[in-house]
Amino acid sequence: MIVLASAPLAVAAVLLGAALGKIRDVRAFAATIEGYRVLPARLALPTAVAVLVVEVVAAALLMVPVTRLWAAVAAVLLFAVFLGAMGSVLRRGLSVGCGCFGGRDLVGPGTMARTGVLLVLALMAVAAGPAPFAPLQVPVAAALLGVAFGLPLLVPGSGRHGPRGGRASGAAGTRGPLEHGPRPGTPFALEGAPERTADRVLYALVSPGCGLCTTMLPHFTAMAARMEVVLVSAAPKDGSFGADGPPLVVDPDVYDRNDILWPPYAVVTDRGGTVLAAGGAADPAQLQAVLDSAATPSPS
């Protein structure tokens with residue numbers, strides 16, 4: 001049947017596209033994997049590399065009839081693991097970047113539906129066996145991809161985009177079910193924090209394995225001309241953030257204690273360490289939103 005015979009070509013295109021989207025910044029993909037909180041942080045980078053290798057190799061082997069079955073089975077396992085990890089994220093109420101194609105989609109009903117459809121395509125590729133290539137498989141495979149990426153858009157909740165923690169937290173007690181981070185009016189829990197010397201302190205949470213953190217570092221550093229800035233990392237010092245910038249505090253438990261999901265993240269406190277605003281800081285606009293929120297008095 002031409003539909004079954006076209007499934008391997010569609011799955012190969014998906015795997016290759018996914019690998020190309022993530023290979024541009026493997027460390028950012030590793031940071032996304034770490035955000036799922038299903039593996040120890042030290043395994044995030046090796047897992048990211050392993051996933052990329054499997055995607056590329058499986059995509060290539062799907063094009064060869066004699067190796068197609070094993071490649072299709074690998075694709076089934078890969079999509080099943082992805083689906084299980086996403087389900088775990090939703091059950092725990094986390095707001096996590098999907099990381100599926102190197103984009104900025106958040107895990108949600110839409111990404112789960114898309115992965116579910118891709119899993120079905122992979123199962124179809126297993127059923128197809130070593131079917132020979134035919135020109136008609138190309139448009140049929142394109143149609144299958146259209147279904148795989150089009151149908152999930154109809155699922156409610158599939159339109160959420162942007163890095164996790166992209167909104168600054170509002171007043172205490174007003175956060176939605178997918179919002180995380182320290183609430184305004186509560187203490188920012190940080191071990192080893194230097195003595196605060198200004199009325200406003202920006203704590204910039206960064207990670208050596210985070211590509212966005214490296215991109216945002218100059219913006220955090222530039223803020224030091226306007227206010228006190230402290231870099232915060234859960235990883236040991238490794239020189240990634242240099243010695244000439246703001247001071248760096250290493251606190252392995254800072255994310256868990258403050259319910260922060262992943263970096264880059266910004267927390268603004270007063271001199272006493274009380275949170276004024278907090279939120280994701282994956283780009284300058286998000287950082288400015290946190291700063292503006294800190295400058296706006298909370299309703300009493």
Side-chain angles (χ1 to χ4, degrees), residues 18-19 21-58 74 76-108 111-112 115 163-165 178-182 188-193 203-217 231-241 248-265 267 278 280-282:
K22 292 177 290 201
I23 204 168
R24 292 173 296 181
D25 193 341
V26 179
R27 289 191 175 274
F29 177 43
T32 300
I33 292 176
E34 184 177 347
Y36 276 67
R37 294 190 178 185
V38 296
L39 291 173
R42 67 179 183 278
L43 297 181
L45 183 58
T47 300
V49 173
V51 168
L52 289 171
V53 170
V54 171
E55 287 178 337
V56 172
V57 172
V76 167
L77 295 176
L78 200 60
F79 290 135
V81 169
F82 290 163
L83 196 60
M86 291 179 188
S88 172
V89 161
L90 292 184
R91 284 194 303 273
R92 288 175 287 157
L94 303 180
S95 179
V96 180
C98 170
C100 305
F101 295 90
R104 302 174 71 177
D105 288 354
L106 294 177
V107 172
T111 57
M112 285 200 67
T115 306
R164 177 177 25 165
L178 289 177
E179 293 183 68
H180 295 263
F188 178 51
L190 177 65
E191 292 291 335
Y203 293 95
L205 280 77
V206 291
S207 171
C210 169
L212 288 174
C213 299
T214 302
T215 301
M216 285 299 298
L217 184 61
L231 300 180
V232 181
S233 175
K237 298 180 181 180
D238 66 350
S240 298
F241 303 113
L248 174 66
V249 174
V250 177
D251 181 357
D253 300 318
V254 64
Y255 290 94
D256 290 336
R257 280 201 302 268
N258 295 280
D259 194 26
I260 296 172
L261 297 179
W262 71 355
Y265 196 89
V267 178

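Below, all heavy atoms of this structure are taken into account, side chains as well, without hydrogens, waters or symmetry copies.
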Euclidean distance, [Y] [atom2] relative to [X] [atom1], rounded to 0.5 Å:
X    : Y    : atom1 : atom2 : result
F82  : C100 : CZ    : SG    : 7.5 Å
L39  : L45  : CG    : CG    : 12.5 Å
L205 : F188 : CG    : CZ    : 5.0 Å
L83  : L78  : CG    : CG    : 11.5 Å
D25  : I23  : CG    : CD1   : 11.0 Å

Looking at every heavy atom in both [X] and [Y], which two are closest together, and how far apart are they?
X    : Y    : answer
C98  : M86  : SG-CE, 3.6 Å
A278 : Y265 : CB-OH, 3.7 Å
M112 : L90  : SD-CD1, 3.3 Å
G181 : I260 : CA-CG1, 4.1 Å
A19  : V56  : CB-CG2, 3.6 Å
C213 : P264 : SG-N, 3.7 Å

Exam field: side chain T115 to backbone T111, donor-acceptor pair closer than 3.5 Å: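 Present.
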Trace of the side-chain contact (heavy atoms from CB on, under 4.5 Å) decision for K22 with V51: CA-CA 10 Å; K22 292 177 290 201; V51 168; 4.1 Å; yes
Validation row: N258, V267 side chains within 4.5 angstrom (heavy atoms):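 No, too far: nothing below the 4.5 Å cut-off.
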V107 vs Y36, side-chain contact (heavy atoms from CB on, under 4.5 Å): CA-CA, chis, key distance, verdict: CA-CA 10 Å; V107 172; Y36 276 67; 3.4 Å; yes
